[in-house]
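Please read the structure below before turning to the comments.
Remember, it's 1-based here, ligands and their atoms both numbered in the order they're listed. Residue numbers run from 1 in the order of the sequence given. Because the structure is a prediction, the values reported are computed rather than measured.
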Amino acid sequence: MKPSKTIIKMDSKHAFILLALVLTLAMGARGGDPDILTDFVVPQGANEVNATFFTYTGMRTLIQEQAQPANFTVTKATMAEFPALNGQSVSYAVLQFPVGTVNPPHTHPRASELLLLTYGSLEVGFIDTTSKLYTQTLQAGDIFVFPKGLVHFQYNPSPKDFALAVSAFGSASAGTVSLPVSVFGTGIDDTILAKSFKSDVQTIQKLKAGLTPPPK
Ligand SMILES: *[C@@H]1O[C@H](CO)[C@@H](O)[C@H](O)[C@H]1NC(C)=O
Ligand SMILES: *[C@@H]1O[C@H](CO)[C@@H](O)[C@H](O)[C@H]1NC(C)=O
């Protein structure tokens with residue numbers, strides 16, 4: 001009887017480890033938007049929708065406009081602009097980079113980003129949780145993935161050509177946390193920042209001034 005008891009003990013221990021593993025994997029796989037229990041989500045107040053609801057025309061201007069913007073510009077099609085994306089776990093952004101412009105270091109807390117460079121060239125990079133930097137120079141046609149939640153950036157180094165990219169996100173509302181703005185543009189105390197960056201208050205104030213234009 002004794003050996004079989006031992007076997008049962010071991011089995012339940014193994015079963016527990018297996019269960020813990022399965023749960024961990026399942027939780028990892030569930031790291032996207034919450035699942036919905038309907039085909040799509042109709043906004044409150046609207047009782048019926050047609051194909052118009054599933055169509056977003058806000059990017060037409062990008063195709064029609066010949067002139068490039070003066071600064072780096074993001075045009076989004078997320079749940080906020082395109083309510084039909086609610087519950088669908090996807091969204092888009094079109095990124096326009098005039099010569100020498102940068103999309104400063106930022107994160108998307110709720111999604112990984114899949115960037116397709118459609119024109120020009122782009123220097124991209126991200127930093128993983130071990131502080132390792134991964135950089136790449138993309139040419140038109142290349143696709144780069146920025147893993148979910150990690151700090152990343154894009155830069156158009158060309159002195160004469162703009163760059164154009166389309167990014168897809170694995171969330172209807174990926175969210176953006178811009179590092180320069182979050183750190184220096186939200187009113188965190190100068191002393192705290194000076195100590196955090198092993199710098200001085202004067203330097204911090206200079207960095208802050210560049211991000212928060214003085215009221216006119
Ligand atoms: C679709 O719905 C919109 C309002 O949501 C309405 O303006 C439009 O006429 C509808 N189109 C058709 C073909 O029914
Ligand atoms: C472009 O950026 C510059 C400097 O940051 C700013 O002064 C200017 O208003 C911006 N232009 C547009 C069209 O947003």
Side-chain angles (χ1 to χ4, degrees), residues 26-98 101-120 122 124 126 138 140-154 156 162-182 185-186 211-213 215:
M27 280 161 81
R30 223 180 337 105
D33 291 358
D35 279 339
I36 54 172
L37 300 177
T38 51
D39 296 345
F40 47 85
V41 179
V42 176
Q44 268 184 348
N47 39 18
E48 211 178 305
V49 296
N50 58 32
T52 305
F53 175 67
F54 299 99
T55 311
Y56 183 67
T57 58
M59 299 283 184
R60 282 185 185 175
T61 51
L62 299 181
I63 309 292
Q64 288 156 0
E65 268 170 23
Q66 293 306 307
Q68 283 294 309
N71 296 326
F72 166 69
T73 302
V74 185
T75 309
K76 293 177 187 172
T78 72
M79 202 177 104
E81 298 83 19
F82 186 14
L85 296 186
N86 187 7
Q88 303 303 326
S89 306
V90 288
S91 58
Y92 265 142
V94 173
L95 315 174
Q96 294 171 286
F97 299 83
T101 54
V102 68
N103 183 6
H106 64 281
T107 77
H108 302 293
R110 292 183 288 276
S112 40
E113 172 176 355
L114 193 58
L115 179 146
L116 166 62
L117 184 64
T118 59
Y119 187 86
L122 215 51
V124 300
F126 71 85
L138 304 180
D142 291 350
I143 293 176
F144 193 83
V145 62
F146 300 97
K148 183 175 178 173
L150 299 184
V151 173
H152 62 279
F153 56 84
Q154 297 115 12
N156 175 13
F162 70 93
L164 185 69
V166 179
S167 277
F169 298 88
S171 166
S173 180
T176 300
V177 176
S178 164
L179 264 54
V181 174
S182 319
T186 56
L211 284 162
T212 43

message = Considering only residues two or more places apart or on different chains, which pairs with a residue in residues 37-53 satisfy side chain to side chain donor-acceptor pair (under 3.5 Å)?
response =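 Residue pairs passing side chain to side chain donor-acceptor pair (under 3.5 Å), neighbours aside: N50-T52.
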query = Can you check whether Y92 and F82 have ring centres sitting under 6.0 Å from each other?
reply =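 Ring centroids of Y92 and F82 are no less than 6.0 Å from each other.
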ask   = Closest heavy-atom contact between A163 and L117?
value =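 Shortest heavy-atom contact: CB-CD1, 4.3 Å.
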ask   = How about Q96 and T73: does a side-chain donor come under 3.5 Å of a side-chain acceptor?
value =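 Not at all, the side chains of Q96 and T73 share no donor-acceptor pair under 3.5 Å.
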ask   = Is there a donor in the side chain of N156 and an acceptor in the side chain of T101, or the other way round, less than 3.5 Å apart?
value =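 No, T101 and N156 have no side-chain donor paired with an acceptor closer than 3.5 Å.
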inquiry  = Heavy-atom contacts with ligand 1 below 4.0 Å: which residues, ordered by chain and residue number?
reply    =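 Close residues (ligand 1, cut-off 4.0 Å): N50, T52.
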ask   = With under 30° as parallel and over 60° as perpendicular, where do the rings of F126 and F146 fit, or are they tilted in between?
value =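 F126 vs F146 ring planes: perpendicular.
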